[in-house]
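The structure appears right after this line, and notes come after that.
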Amino acid sequence: MAKCNLSKGARIRPGNDIDNTLDLWSRSDVQTCMPWGAPVIWEGTFDARQYDEYYRKRNVTVGLTVFAVGKYLDVFLETFLITAEWYFMIGHNVIYYVFTDQPNKVPKVPLANKRLLRIIPVSRHQRWQDVSMLRMKSISEVIDIFVSREAQYLFCMDVDQFFEGRFGVETLSDSVAQMHSWFYHRFSIFYSYDRNPKSAAYMGLGEGDLYYHAAVFGGTWQKVKHIVDSCYQGIWTDKQNNVEALWHDESHLNKYFWLHKPSKVLSPEYCWDDVLGTQKDIFISRLSWAKKQYEVVREKTEKSWFSFFF
């Protein structure tokens, strides 16, 4: 893992931006900034009270999209929402956008003050890969209809996760990418980029910065709109050429962040897989992968992500 190349005390944002309070030199054991100056957020690099006060004064609203289609709703959604109420952007305005093919089955989770939930009906697709890829188009449409009028920031997450630690406003930025917990200690040659030159998601050897996880990404609604529109355009181009990217929307997202560098990167604390066990550089797990239960939520003929890669 590379280390931060910024000199101690360097400013990473113009003016009085709150990110200039980050102590990127407090963690010498991990990479705390990217070569283009974007911070990587780890426990010990930020003052939660300072961040909360800064964004509370600005009365920001943060949206959160999640797709709960088919049995993913039954198995994962309630836990996702309950734990989000415990840990996601606590003390700030939040709007959940729940995309589902079963609106009447969305659990009625009690919401704190200044938090609300919108149910967005979507069609069910036979293959989970199609749901995964077409979410980009659905998110874009909801940004146009709702998010652009009622929130400043937006996060997009997978539903088969649960919060277990603070996931706060220290994560906010123009564009936010999530470092993948399975790859952050691997050499780049092992990153699972799409290597098919026929795909719009293609990345050649030597290209790419990190391997990013599509289970979490975000930013201002304007930047997220650009992210999802660009990814969907790549998916549509592939479809016209009878190509499907290796890891579907995640492959296109990695291509996007290679071409358009994120302004903030989240450490694996913000999307951790407990299967990896205890790691000395992970002081806290903030959002964790749920047990996948593919035998329940997917068709029996489909294989898990890991059965293909390992």
Side-chain angles (χ1 to χ4, degrees), residues 34 36 38 63-67 69 97-101 120-149 151-159 173-180 183 191-266 271 305:
M34 302 301 293
W36 57 91
L64 173 56
T65 70
V66 63
F67 282 70
V69 176
Y97 301 94
V98 177
F99 296 76
T100 183
D101 59 331
I120 313 297
V122 292
S123 299
R124 184 175 182 176
H125 297 273
Q126 185 175 3
R127 301 189 318 143
W128 66 267
Q129 294 97 327
D130 295 329
V131 174
S132 174
M133 291 189 290
L134 290 174
R135 71 169 176 158
M136 296 296 187
K137 183 174 187 290
S138 300
I139 291 170
S140 179
E141 292 170 349
V142 161
I143 290 174
D144 288 338
I145 298 169
F146 291 115
V147 182
S148 61
R149 294 169 172 78
Q152 291 79 48
Y153 295 92
L154 182 67
F155 270 99
C156 307
M157 297 188 183
D158 286 353
V159 71
S173 191
D174 284 347
S175 61
V176 183
Q178 173 65 56
M179 189 184 292
H180 200 299
F183 291 93
Y191 291 172
S192 192
Y193 297 139
D194 190 297
R195 301 300 190 188
N196 180 3
K198 295 180 180 179
S199 173
Y202 168 74
M203 294 178 65
L205 293 176
E207 294 183 332
D209 303 300
L210 295 172
Y211 190 79
Y212 300 114
H213 197 173
V216 176
F217 65 93
T220 62
W221 68 260
Q222 295 93 335
K223 286 290 187 180
V224 176
K225 169 77 171 170
H226 192 257
I227 292 170
V228 296
D229 284 349
S230 297
C231 289
Y232 182 71
Q233 181 59 53
I235 292 166
W236 179 251
T237 299
D238 279 0
K239 186 176 180 64
Q240 300 306 300
N241 294 324
N242 198 29
V243 175
E244 191 169 277
L246 180 62
W247 299 122
H248 319 295
D249 58 343
E250 185 166 275
S251 295
H252 290 280
L253 186 69
N254 271 275
K255 179 64 172 287
Y256 178 89
F257 281 132
W258 163 239
L259 298 175
H260 310 274
K261 309 299 189 191
S263 60
K264 183 171 286 186
V265 175
L266 304 184
C271 192
W305 190 93

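Residues Met34 and Leu210 have side chains in contact (heavy-atom distance under 4.5 Å, counting atoms from C-beta outward). Put simply, the side chain of Leu246 does not reach to within 4.5 Å of the side chain of Tyr193, judged on heavy atoms. Residues His226 and Tyr256 form a side-chain contact, since some pair of their non-hydrogen atoms from C-beta on lies under 4.5 Å apart. Within the 4.5 Å cutoff, the side chain of Phe217 has heavy atoms near those of the Val228 side chain. A heavy-atom distance below 4.5 Å is found between the side chains of Leu64 and Met157. Two residues are said to be in side-chain contact when any heavy atoms from C-beta on lie closer than 4.5 Å; Arg195 and Leu205 meet this criterion. For the pair Asp249/Cys231, no side-chain contact is recorded, criterion being any heavy-atom separation below 4.5 Å from C-beta on. Residues Ser192 and Trp247 meet the side-chain proximity criterion, which asks for heavy atoms closer than 4.5 Å.
Between Gly208 and Trp258, the shortest heavy-atom distance links the atoms N-CE3, 3.2 Å. Summarising the geometry of Asp158 relative to Ala214, their closest heavy-atom pair is OD1-O, 4.2 Å, with the distance given to 0.1 Å. Of all the heavy atoms in Ala151 and Gly63, the pair that sits closest is CB-N, 4.1 Å. The shortest non-hydrogen separation linking Asp194 to Ala245 is OD2-CA, 3.2 Å. In plain terms, the two heavy atoms of Cys156 and Val224 that are nearest each other are SG-CG1, 4.0 Å.
Put simply, the side chain of Lys255 gets close to the backbone of Ala200: a donor and an acceptor are under 3.5 Å apart. Here the side chain of Gln178 pairs no donor or acceptor atom with the backbone of His213 at under 3.5 angstrom. For Ser140 (side chain) and Met136 (main-chain N/O), no donor-acceptor pair under 3.5 Å exists by modelled atom type.
Remark: Glu207 engages no residue in a side chain to side chain donor-acceptor pair (under 3.5 Å) (not counting sequence neighbours). For Ser263, the side chain to side chain donor-acceptor pair (under 3.5 Å) partners at least two apart in sequence or on another chain are Ser173. Remark: Lys264 pairs with Asp19 by the salt bridge (Lys or Arg N to Asp or Glu O under 4.0 Å) rule, at least two apart or across chains. Contacts of Asp174 classified as salt bridge (Lys or Arg N to Asp or Glu O under 4.0 Å), with partners at least two apart in sequence or in another chain: none. Contacts of Lys239 classified as salt bridge (Lys or Arg N to Asp or Glu O under 4.0 Å), with partners at least two apart in sequence or in another chain: none. With sequence neighbours excluded, the residues forming a side chain to side chain donor-acceptor pair (under 3.5 Å) with Asp144 are Lys225, listed by chain and number.
Side-chain contact annotation: Tyr191 with His180, donor-acceptor N/O pair under 3.5 Å absent.
In this structure, NE2 in His252 is found 15.0 Å from OH in Tyr202, a value given to the nearest 0.5 Å. Between the OH atom of Tyr97 and the CD1 atom of Ile143 there is a distance of 9.5 Å, given to the nearest 0.5 Å.
Checked options Val66, Thr65, Val216; the residue passing with Phe155 is Val216 (criterion: side-chain contact (heavy atoms from CB on, under 4.5 Å)). Phe257 pairs in a ring-ring contact (aromatic ring centres under 6.0 Å, His included) with only one of the listed residues (Trp36, Tyr211, Tyr212), which is Tyr212.
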Exercise. Decide yes or no on side chain to side chain contact (heavy atoms under 4.5 Å, CB included) for Val142 and Trp221, but give the supporting numbers first.
Key: CA-CA 10 Å; Val142 161; Trp221 68 260; over 6 Å; no

